[in-house]
Amino acid sequence: MKITAQQYEFALARIEELLPIVNEQTSASDRNVVELALLSEIVIEYETVNFPIEKPSIAELIDLALEERQMTQKDLAKEIGVSPSRINDFITGRAEPSLKIAKRLCVSLGITASAMLGL
């Protein structure tokens with residue numbers, strides 16, 4: 001089913017009205033709970049089609065992890081045993097790490113293997 005922007009906006013507004021009414025103690029068969037679930041599905045479907053979230057690139061993963069850990073490229077290079085220029089190549093997208101280096105990056109930066117592989 002194709003959901004229009006107008007239907008999406010209506011669903012968002014109605015969800016905002018329902019959220020204060022529905023809580024964990026509300027019965028699953030309550031009319032408001034059922035309506036909230038249906039409207040949520042409409043919003044999810046519309047956003048999946050119109051606002052897809054792309055998986056981050058290897059460069060973005062490394063850059064974000066460095067920022068989160070407050071590490072420099074030089075710090076990372078030393079930790080995994082490559083040159084700082086090689087780390088820069090990964091971050092700028094000029095090169096991709098070998099599997100051996102990718103494993104070291106995952107361990108050092110706390111990146112999951114599935115994220116590194118783009119799964």
Side-chain angles (χ1 to χ4, degrees):
M1 172 165 95
K2 183 165 171 42
I3 298 164
T4 67
Q6 186 177 15
Q7 291 168 325
Y8 170 72
E9 292 298 327
F10 175 85
L12 285 177
R14 184 65 182 134
I15 286 171
E16 288 299 320
E17 294 170 0
L18 289 169
L19 285 175
I21 299 169
V22 175
N23 60 42
E24 293 84 26
Q25 286 76 36
T26 308
S27 168
S29 61
D30 183 277
R31 180 175 164 254
N32 292 320
V33 172
V34 173
E35 183 181 4
L36 182 60
L38 292 171
L39 292 170
S40 295
E41 289 300 318
I42 289 170
V43 168
I44 290 168
E45 185 174 329
Y46 183 86
E47 290 180 350
T48 299
V49 170
N50 294 285
F51 308 114
I53 298 173
E54 295 182 21
K55 294 184 181 189
S57 67
I58 292 172
E60 292 167 330
L61 287 170
I62 295 169
D63 196 38
L64 181 61
L66 284 174
E67 186 178 318
E68 287 176 348
R69 287 170 176 64
Q70 299 178 344
M71 288 177 74
T72 65
Q73 292 179 26
K74 188 175 180 178
D75 295 335
L76 178 60
K78 185 176 181 180
E79 191 167 313
I80 66 167
V82 299
S83 70
S85 64
R86 196 68 180 144
I87 298 297
N88 188 265
D89 288 344
F90 300 151
I91 291 174
T92 59
R94 286 191 298 265
E96 289 194 358
S98 66
L99 286 176
K100 181 178 177 181
I101 298 300
K103 180 181 177 185
R104 291 181 194 166
L105 287 167
C106 288
V107 170
S108 179
L109 297 174
I111 299 170
T112 65
S114 60
M116 183 66 76
L117 294 171
L119 303 175

Item to check | Residue pair Ala102 / Pro97: nearest heavy atoms and the distance that separates them | outcome: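 Of all heavy-atom pairs spanning Ala102 and Pro97, the closest is N-CB, 3.9 Å.
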Checklist entry - Ala59 and Gly93: which non-hydrogen atoms are nearest, and at how many Å? => result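 Looking at all heavy atoms of both residues, the shortest contact is CB-N, 4.4 Å.
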Checklist entry - Among all residues two or more places apart in sequence or in another chain, which pass the side-chain contact (heavy atoms from CB on, under 4.5 Å) test with Lys74? => result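 In terms of side-chain contact (heavy atoms from CB on, under 4.5 Å), with neighbours along the sequence ignored, Lys74 is linked to Thr72, Pro84.
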Item to check | side-chain contact (heavy atoms from CB on, under 4.5 Å) against Lys100, all qualifying residues, sequence neighbours excluded | outcome: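 Checked Lys100 against side-chain contact (heavy atoms from CB on, under 4.5 Å); matches are Ser98, Arg104.
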Extract all donor-acceptor atom pairs below 3.5 Å that involve side chains of residues 29-38 and protein atoms in other chains or at least two apart in sequence.
residue	atom	partner	partner atom	Å
Ser29	OG	Ser27	OG	3.0
Asp30	OD1	Asn32	N	2.7
Glu35	OE1	Arg14	NH2	3.1
Glu35	OE2	Arg14	NE	2.8

Next on the checklist: Surrounding CD of Glu96 (heavy atoms of other residues, nucleotides or ligands, distance under 6.0 Å), is the total greater than 12?
Outcome noted: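 Not more than 12 within 6.0 Å, no.
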Checklist entry - Can you name the side chain to side chain donor-acceptor pair (under 3.5 Å) partners of Gln7, sequence neighbours left out? => result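 Thr4.
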Next on the checklist: Can you pull out every ring-ring contact (aromatic ring centres under 6.0 Å, His included) where at least one residue sits in residues 62-108? Sequence neighbours excluded, please.
Outcome noted: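 Output for this query is empty, none listed.
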Identify all side-chain donor-acceptor contacts of residues 106-119 below 3.5 Å with residues at least two apart in sequence or on another chain.
residue	atom	partner	partner atom	Å
Ser108	OG	Glu79	OE2	2.4
Thr112	OG1	Ser114	OG	3.3
Thr112	OG1	Ala115	N	3.1

Checklist entry - In Å and rounded to the nearest 0.5 Å, what is the CD1 to CD1 distance from Ile87 to Ile80? => result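 So the CD1 of Ile87 and the CD1 of Ile80 are separated by 4.0 Å.
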Next on the checklist: Using the rule that Ile, Leu, Val, Met, Phe, Trp and Tyr join whenever any side-chain heavy atoms are under 4.5 Å apart, tell me whether Leu64 and Met71 fall into a single cluster.
Outcome noted: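 No, it is not one cluster - the side chains of Leu64 and Met71 are not joined through contacts under 4.5 Å.
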Checklist entry - Same hydrophobic cluster for Leu99 and Leu61, using side-chain heavy-atom links shorter than 4.5 Å among ILVMFWY? => result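 Shared cluster, no.
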Next on the checklist: Holding to salt bridge (charged side-chain N to carboxylate O under 4.0 Å, His left out), I want the full list of residues that pass it with Asp89, two or more places apart in sequence or in another chain.
Outcome noted: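 Result, salt bridge (charged side-chain N to carboxylate O under 4.0 Å, His left out) vs Asp89: Arg86, Arg94.
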Checklist entry - Which pairs, with at least one residue in residues 53-68 and sequence neighbours excluded, count as a salt bridge (Lys or Arg N to Asp or Glu O under 4.0 Å)? => result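 Qualifying pairs: none.
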Item to check | Pairwise side-chain hydrogen bond (donor to acceptor under 3.5 Å, both in side chains) hits with a residue in residues 38-53, at least two apart | outcome: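 Found Tyr8-Glu47.
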Checklist entry - Considering only heavy atoms from C-beta outward, does the side chain of Leu76 approach that of Ile62 to under 4.5 Å? => result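 With C-beta onward as the side chain, the pair touches.
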Item to check | Side-chain heavy-atom pair Ile3, Val49 within 4.5 angstrom cut-off | outcome: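 Ile3 does not reach Val49 side chain to side chain.
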